[in-house]
Amino acid sequence: MFVQSSLITLALVLSATASPVGEDLGTRIPFEKRNAFVTSDGWFDHAQAVKQVARDRNKHRGNLINLERNMGRQAFNEGAHIRPVANYTTMKKAVKDKRQAEPLIDEAGDQYWAGNIGIGTSSQTFLIDFDTGSADLWVPSVNCTSSNCSNKHKYNPASSSTSARKSGSFSIQYGDGSKVSGPKYTDTVTVAGVAVNNQYFSPVNTLSSMFASEADDGILGLAYPAISNLGQSPFFNTAISQKQVKTGVFAFKLAKSGSELYLGGTDSSLYTGSIEYHAVTGSGFWQISGAKIQVGSKTVQSNFQTIIDSGTTIIYGPPSQVATFYKSIPGSKIYDSDNGFYSFPCSSVPSNVAFSWGGKTWTISAANFNFGRVSSTQCIGAIAGQDLGLGANVWLLGDSFMKNVYSVFSFDKNSVGFASLK
């Protein structure tokens, strides 16, 4: 999961014109594109995909632990449960390498979306993954001396006049058995001109090896405070309370070029028509109900919950429901039963798979559905059957869905919205 190396300058765009949905009132943050599971010659990078499954399982395991601590188990979705730690070493035994003689080239894809932020006074710069599926900010510390931190930017509290050590500690376990952990601090955090004071975060002393090869330094969570490991207000919520943004709305365009996070409103230059909003139904998550998935005009599953998560590429559903879905994809079959991946004929990549929440139908393009070849005839689908512990009837939609829409997250409306990309 290596980000392309070119950086894009952040632009601050402010408008004095009022808008009921916060159009063009905020701050643009251009992204570097992330790398996906498709190599440059079109093959599925199975090992990288399984690593993402392990990372996603443990991220949401941690979210549920945080939710239980912060809100109580009554906040769980029906059927939600805290799964055991996913171990990548065990999970990768299912990896099938169909190209043992060919080198894997990791480029030109989509695994995470990163932009620069500043922490401290004077500001220290970090390349950050913006994640709607978590709620904390962490970056490496100067006290992280392992090789996992060797290529990272590191926060030095002694170099910031606004840094303050707080009681307690931060810890998240990832799929290789290692942890991201460190003390709690507050400091000034700036994202493209939006500056907040006394923001809680963790400068981590230990960094999981799963992050060592990635170009980004850390993660900035954009979900609700209920799933915060720090037990504090996430960055954007702090920006709202300190009146550093004009509206409690942020929005994403995710694409191979022109990707953008917009803070404090929506960027009307990136979408057409109105935004279709749906009320949030889940504690802590950007979760909306009443979803259905279609293949063409056929509804395959309906009335399920969906969590919108920019922190993963994969679309996950309960294994039995995903198995039913693939029965509607001609020629599909299970490829990796341990990790929930299915294949289908490369000659007929589906271009008619869509989600709906009772309004418009939002279709996943063939390019976004296809994770690449595993043979001369079979390709891997973006939808995987996996129990993340989030609930018996809960799907999680990563950027293989989000890249097809303009996605809006509103704390003001307590809702998620979608609009058509220009």
Side-chain angles (χ1 to χ4, degrees), residues 1-3 34 48 50-67 69-70 82-89 91 111-114 117 119 124-157 163 165-187 189 199-223 225 227-232 234-235 284 309-312 388-389:
M1 294 189 283
F2 303 96
V3 185
R34 67 162 70 147
Q48 200 75 337
V50 172
K51 183 181 289 188
Q52 183 70 57
V53 173
R55 180 167 163 175
D56 292 339
R57 274 181 50 180
N58 287 328
K59 178 176 81 170
H60 289 293
R61 175 182 184 272
N63 283 339
L64 289 170
I65 291 171
N66 298 336
L67 182 61
R69 184 188 65 238
N70 296 336
I82 298 171
R83 297 204 60 189
V85 173
N87 188 300
Y88 172 64
T89 302
M91 294 168 67
Q111 253 173 37
Y112 52 89
W113 306 89
I117 72 167
I119 303 177
Q124 302 169 48
T125 301
F126 300 90
L127 183 64
I128 292 295
D129 174 12
F130 295 95
D131 181 14
T132 64
S134 65
D136 294 304
L137 169 61
W138 61 263
V139 296
S141 163
V142 289
N143 294 319
C144 183
T145 58
S146 74
S147 60
N148 295 337
C149 288
S150 59
N151 294 319
K152 306 295 185 183
H153 297 95
K154 301 174 185 178
Y155 173 78
N156 186 351
S163 176
R165 175 75 181 262
K166 300 296 181 180
S167 62
S169 61
F170 168 84
S171 180
I172 299 176
Q173 189 161 9
Y174 284 94
D176 58 352
S178 60
K179 293 183 178 181
V180 172
S181 61
K184 294 182 181 181
Y185 271 77
T186 61
D187 208 335
V189 175
Q199 176 61 48
Y200 270 83
F201 73 106
S202 181
V204 299
N205 300 327
T206 60
L207 184 65
S208 168
S209 60
M210 297 192 85
F211 292 92
S213 61
E214 297 179 0
D216 63 331
D217 299 307
I219 291 175
L220 188 151
L222 291 163
I227 61 171
S228 168
N229 182 276
L230 293 167
Q232 300 291 334
F235 166 80
D309 183 356
S310 67
T312 185
L388 299 176

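Keep in mind the model is a prediction, meaning the values are calculated, not measured. Below, each value reflects all heavy atoms present in this structure, side chains not excepted, and no hydrogens, waters or symmetry copies.
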Tell me, please, whether Tyr88 has Lys51 positioned over its six-membered ring: NZ or CZ under 6.0 Å from the ring centre and within 45 degrees of its axis? yes
Specify the closest pair of heavy atoms between Ser134 and Lys59, including all atoms of both residues, with the distance to one decimal. CB-CD, 4.4 Å
Atom pair CG/CG of Asn148 and Leu207 - distance to nearest 0.5 Å: 5.5 Å
Taking atom OG of Ser146 and atom NZ of Lys152, what is their separation to the nearest 0.5 Å? 10.5 Å
Do Val142 and Lys154 have side-chain heavy atoms sitting under 4.5 Å apart? yes
Do Asn58 and Arg83 come close enough that some side-chain heavy atom pair is under 4.5 Å? no
Contacts of Ser228 meeting side chain to side chain donor-acceptor pair (under 3.5 Å) (sequence neighbours excluded), chain-then-number -> Asp136
Heavy atoms only: give me the nearest Ala215-Leu127 pair and the separation to one decimal. O-CD2, 3.7 Å
Show the nearest heavy-atom pair for residues Ile227 and Ala223, with the distance to one decimal. CD1-CB, 3.7 Å
Is there a donor-acceptor contact under 3.5 Å from the side chain of Ser169 to the main chain of Pro183? no
Show your reasoning for whether side-chain contact (heavy atoms from CB on, under 4.5 Å) applies to Leu220 and Leu222. CA-CA 7 Å; Leu220 188 151; Leu222 291 163; 3.7 Å; yes
Please identify each residue that fulfils side-chain contact (heavy atoms from CB on, under 4.5 Å) with Ser171, with sequence neighbours left out. Lys179, Ser181
Under 3.5 Å donor-acceptor, Thr186 side chain and Tyr200 backbone: no
Minimum heavy-atom distance Ile172-Phe170, with the two atoms named: CD1-CZ, 3.3 Å
Nearest 0.5 Å please: distance from the CD1 atom of Ile119 over to the NE2 atom of His153. 12.0 Å
Between Leu137 and Val189, is any pair of side-chain heavy atoms under 4.5 Å apart? yes
In short, Ala54 meets Met210 closest at the heavy-atom pair CB-CE, 4.5 Å
Can you name the side chain to side chain donor-acceptor pair (under 3.5 Å) partners of Asn70, sequence neighbours left out? none
Full working for side-chain contact (heavy atoms from CB on, under 4.5 Å) between Met91 and Arg57: CA-CA 12 Å; Met91 294 168 67; Arg57 274 181 50 180; 4.3 Å; yes
Pair Glu214 + Arg55: basic N to acidic O under 4.0 Å: yes
Nearest 0.5 Å, please: how far is NZ in Lys166 from OG in Ser202? 14.0 Å
Atom CG of residue position Asn151 - does it have more than 12 heavy atoms of other residues, nucleotides or ligands inside 6.0 Å? no
Return the minimal non-hydrogen interatomic distance between Pro157 and Ser163, and the atom names on each side. CB-OG, 3.3 Å
Counting distance only, does the side-chain N/O of Arg69 pair as donor-acceptor with the main-chain N or O of Asn229 below 3.5 Å? yes
Are any of the side-chain heavy atoms of Leu230 and Tyr185 separated by less than 4.5 Å? no
For Asn143, the side-chain contact (heavy atoms from CB on, under 4.5 Å) test, sequence neighbours excluded, returns Ser141, Asn205
Spatial distance of atom CZ (Phe211) from atom CG (Asp129) [nearest 0.5 Å]: 8.0 Å
Sequence neighbours excluded, which residues qualify as side-chain contact (heavy atoms from CB on, under 4.5 Å) partners of Ile65? Arg61, Ile82
Got a donor-acceptor contact below 3.5 angstrom from the Asp216 side chain to the Ala114 backbone? no
Excluding sequence neighbours, so at least two apart, what forms side-chain contact (heavy atoms from CB on, under 4.5 Å) with Pro234? Ala135, Pro225, Asn237
Applying ring pair (Phe, Tyr, Trp, His ring centres under 6.0 Å), can you list everything that pairs with Phe201, at least two apart in sequence or on another chain? Tyr155
Are the side chains of Trp138 and Asp217 in contact, using a 4.5 Å heavy-atom criterion? no
Residue pair Asp187 / Gln199, side-chain heavy-atom distance below 4.5 Å: no
Would you check if there is a donor-acceptor pair between the side chains of Thr312 and Asp309 at a distance under 3.5 Å? no
